[in-house]
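Just below is one structure, and these are the notes that go with it.
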2 protein chains.
Amino acid sequence: MKRITIYDVAKEADVSLATVSRVINGSEVVREDTRIKVQEAIEKLGYKPNAIAQGLALQKTTTIALIVPEASFFYTGQIINGLIDVAKIYKYNIVLHTTTEGITEMNDIIETIIKSRVDGVVIFNDKLCKDELNTLTRYQVPIVVIGNRMSDETIGSVYVDYAKLIYEFAAQYLEKGITDIALIEDRKNPAMLKQLNDGLQHAMEDKGLTFDNFVEIPKEYRSSYLYLKEYFKTHKHQLVITYRDSQAMAVLNSAKENGLMIPDDMEVVCILDSKYNAMARPQITGFKIPDYDLGAVAMRVMTKMLKEDDEVIDKEIELSYIYTPRQSTK
Amino acid sequence: MKRITIYDVAKEADVSLATVSRVINGSEVVREDTRIKVQEAIEKLGYKPNAIAQGLALQKTTTIALIVPEASFFYTGQIINGLIDVAKIYKYNIVLHTTTEGITEMNDIIETIIKSRVDGVVIFNDKLCKDELNTLTRYQVPIVVIGNRMSDETIGSVYVDYAKLIYEFAAQYLEKGITDIALIEDRKNPAMLKQLNDGLQHAMEDKGLTFDNFVEIPKEYRSSYLYLKEYFKTHKHQLVITYRDSQAMAVLNSAKENGLMIPDDMEVVCILDSKYNAMARPQITGFKIPDYDLGAVAMRVMTKMLKEDDEVIDKEIELSYIYTPRQSTK
DNA sequence: CTGAAAGCGCTAACAC
DNA sequence: GTGTTAGCGCTTTCAG
């Protein structure tokens, strides 16, 4: 099948290509019968407008780029889902970029993004440097950041205040006299870790204490499980806080196997709740983070930034979490 | 910053735009000093070639579309990771489409894909109809299907033979005289289910038996857990087979709470292994499916199909699984 | 209400 | 080696 263009349709319908263009774009000014004539030609030829050519002519691609660390974590998946679902509503396409360590230079991604002339980019990335944002800004690409609070002429953000989350949570425990609180984490996500650290620190300081119970574990489940199995032979805390579900499970399994009863001997909480937390035994307490909404709202903010009218919009949107107590805390 | 084009660079470097085009595309024929001159102009102006315009001129977009059911399952995530990683090597962009139930019509996706003139599409979708493939084929879009075996002039596929997998597995058990085998599954993925069913049926028939132990459970963990908690009050099998990790865990938890010991009273196996299977207690036996590779190989097949030379390529690629025994089977 | 023509930014013959 | 020019397929004034 030969590539069929607007020109073929024009000939078939015996009108000019301008008219065809008008009916494609739903212009009001076309007379009913010529519209029908054109529609039929389109149908007959199986014509589909070339979005690339449209993009060139209109100087916009109706696609936005999404940068995530990697696609396989449940919450990144959810963010992608949310983002795509609302992108669909506004007819935007999503081109996905991952910043897999060792495989991709962030710079390369930014480079291809600029070349591809996307209308905007949504970034959910942990180690996100100001540099990258700057070059994007230089090329006037609107940005929405997921996870870090910030805003600017062309930057918006959607985030959860983890510092506050952990502060409030820890404060409760400290209030009850429980002060041996440990944070068990790899350093995969420095920005997040900083927030958690700050919040915890803050809570401790309010009680005249200092926080120094940070336990660094390996990045993968298996090795952290083994690591912790050793660790809990000689250590124990009143409360252990982890970030991801797999980390909480490593704690759970290794502690149990060292004879520690959860939650009686030690309480465990996982910041980023997931369905797997409810499948573990004991079920793990967590905070429901609105991951799907982070994506959805980010995309919504993006569409607003992309609209021409200068309606004032809120460029920093904080989403809230829901404490979800289960069996791993008292 | 004004949009800067190849023309600006040409003026700045005092050459024609053809020359600029040549250096952008690494043409050999440019003299060294003019190349440098142009490079400097590009640098100075911060010029980035417009991929849209290139796409128009070259009749190719260097982007391929990926269709998945939804992004949040671990294995879809892995497929995406694999696909993107190799796409990166060949400089392809990935635009991601999800077929979330109720939100998207498959037809709409196909429509936007055709309009966006991607160079190819990779489909990992369960309820994938021949219809959609046909319209894609009609517009001569090369296709690689993940998960179902098929091939054609413009269609390739990468898959795992689940029928064989389950056949071989079940045959072993039947050999030992274990015949009360149940398949516990929702009907989210009919194509997959059919394969499993066929394989199991086949194995049973080889022993002069028939398979009729299909137990349909709800699609979400929580409800299937509750469903099974009732079910195991009055039922019990020698071997239970599930598809996804969450289903296996629902079985595990509900069975345990009904006093069934795993694996002594009942063995459990999960077709699609995941890291969570190793976190459960008892740890769940499964089959490592090369999800990352499914994505990676699919993309590799795609690049081969896209190459001009008519090197004969294998368009049906079967990947293998690895049986991973853990504690939930004897 | 419809058509003619310029332009979006780039590539690829074809000249020179 | 480098420049000229004709597209790639579509949108959008500007006339009529």
Side-chain angles (χ1 to χ4, degrees), chain A residues 1-39 41-42 45-63 91 112 114-119 139-140 308, chain B residues 1-39 41-42 45-63 112 114-119 139 308:
Chain A
M1 187 172 127
K2 166 185 174 301
R3 268 196 321 261
I4 107 99
T5 75
I6 197 171
Y7 202 79
D8 301 313
V9 177
K11 204 183 313 179
E12 176 74 27
D14 197 31
V15 295
S16 78
L17 69 169
T19 302
V20 179
S21 174
R22 288 192 187 97
V23 349
I24 293 170
N25 298 297
S27 166
E28 293 296 317
V29 299
V30 185
R31 217 194 318 148
E32 189 59 14
D33 54 329
T34 90
R35 173 200 309 290
I36 290 174
K37 202 168 56 178
V38 173
Q39 292 284 24
I42 289 177
L45 300 177
Y47 168 70
K48 309 276 183 197
N50 182 329
I52 300 302
Q54 288 179 316
L56 226 210
L58 289 176
Q59 297 295 323
K60 65 186 175 116
T61 51
T62 22
T63 103
K91 311 278 188 198
T112 68
I114 291 173
K115 288 184 184 163
S116 66
R117 299 295 194 271
V118 295
D119 296 339
Y139 287 88
Q140 352 193 33
E308 296 300 300
Chain B
M1 186 174 127
K2 166 187 174 298
R3 267 198 321 260
I4 106 100
T5 73
I6 199 172
Y7 202 78
D8 300 312
V9 177
K11 204 184 311 177
E12 176 73 26
D14 199 29
V15 294
S16 79
L17 69 169
T19 302
V20 179
S21 174
R22 290 193 186 97
V23 349
I24 293 170
N25 298 298
S27 165
E28 294 296 315
V29 299
V30 185
R31 217 193 318 150
E32 188 60 15
D33 52 329
T34 91
R35 174 201 309 292
I36 292 175
K37 203 167 57 177
V38 172
Q39 293 285 22
I42 288 176
L45 300 177
Y47 167 71
K48 308 275 183 199
N50 182 330
I52 300 302
Q54 288 179 316
L56 226 210
L58 289 176
Q59 297 295 325
K60 64 184 176 120
T61 51
T62 22
T63 102
T112 68
I114 291 173
K115 287 184 185 164
S116 66
R117 300 294 194 271
V118 295
D119 296 340
Y139 287 89
E308 297 299 302

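Labels below follow one simple rule: chain letters A, B, ... track the order of the sequence lines, proteins then strands, and each chain is numbered from 1. Fair warning: this is a prediction, and the values are worked out from it, not measured in the lab.
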From CG of Leu17(B) across to P of dA6(D) the rounded distance in Å is 13 Å
Looking at every strand, decide which applies to Val20(B) at a 4.0 Å heavy-atom threshold: base, sugar-phosphate, or nothing. nothing
Presence of Thr34(A) side-chain N/O under 4.0 Å of dT2(C) phosphate oxygens OP1/OP2: yes
What distance do Gln39(B) atom CD and Ile24(B) atom CD1 have between them, rounded to the nearest 0.5 Å? 9.5 Å
Comparing Arg117(B) with Glu32(B), nearest DNA chain D nucleotide closer to 5' gives the residue Glu32(B)
For Lys60(A) and dC10(D), what is the distance between atoms NZ and P respectively, to the nearest whole Å? 16 Å
Donor-acceptor pair present, Arg22(B) side chain and dG3(D) base, under 3.5 Å: yes
Asn50(B) side chain near dC8(C) phosphate (N/O to OP1/OP2, under 4.0 Å): no
Nearest-angstrom distance from the residue atom CZ of Arg3(A) to P of dG7(D): 14 Å
I need the CD1-C1' distance between Ile114(A) and dG9(C), as an integer number of Å. 17 Å
Measuring from the side chain of Val30(B) (C-beta onward, heavy atoms only), which nucleotide among dG9(C), dG9(D), dT2(D) has the closest atom? dT2(D)
Under 4.0 Å between a side-chain N or O of Ser21(B) and OP1 or OP2 of dA12(C)? no
Could you tell me how far apart Lys48(B) (NZ) and dC10(C) (P) are, to the nearest whole angstrom? 13 Å
Check: Ser21(B) and Ile6(B) side chains under 4.5 Å, non-hydrogen atoms: yes
With a non-hydrogen cut-off below 4.0 angstrom, is Val29(B) in contact with a base, only sugar-phosphate, or nothing? base
Of the options dG7(C), dT4(D), dG9(C), whose atoms approach the side-chain atoms of Ala18(B) most closely? dT4(D)
Let me confirm one number: the CD-CG distance from Gln59(A) to Asn50(B), rounded to the nearest 0.5 Å. 7.0 Å
Starting from P on dG7(D), measure out to OH on Tyr7(A) and report it in whole angstrom. 12 Å
Can you find a pair of side-chain heavy atoms, one from Asn25(B) and one from Gln54(B), that are under 4.5 Å apart? yes
Students often get this wrong, so: under 4.0 angstrom with heavy atoms, is Thr19(B) touching a base, only sugar-phosphate, or nothing? sugar-phosphate
Does OP1 or OP2 of dG3(D) have a side-chain N or O of Ser16(B) closer than 4.0 Å? yes
Calculate the interatomic distance between Lys37(B) atom NZ and dG1(D) atom C1'; express it in whole Å. 11 Å
What is the distance, to the nearest angstrom, from the CG atom on Asp33(A) to the C1' atom on dT2(C)? 12 Å
Which residue lies toward the 5' end of DNA chain C, Leu58(A) or Arg31(A), if each is placed at its nearest nucleotide? Arg31(A)
Which is it for Thr19(A) and Arg22(A) under the side chain to side chain contact (heavy atoms under 4.5 Å, CB included) test, yes or no, and what are the steps along the way? CA-CA 5 Å; Thr19(A) 302; Arg22(A) 288 192 187 97; 3.9 Å; yes
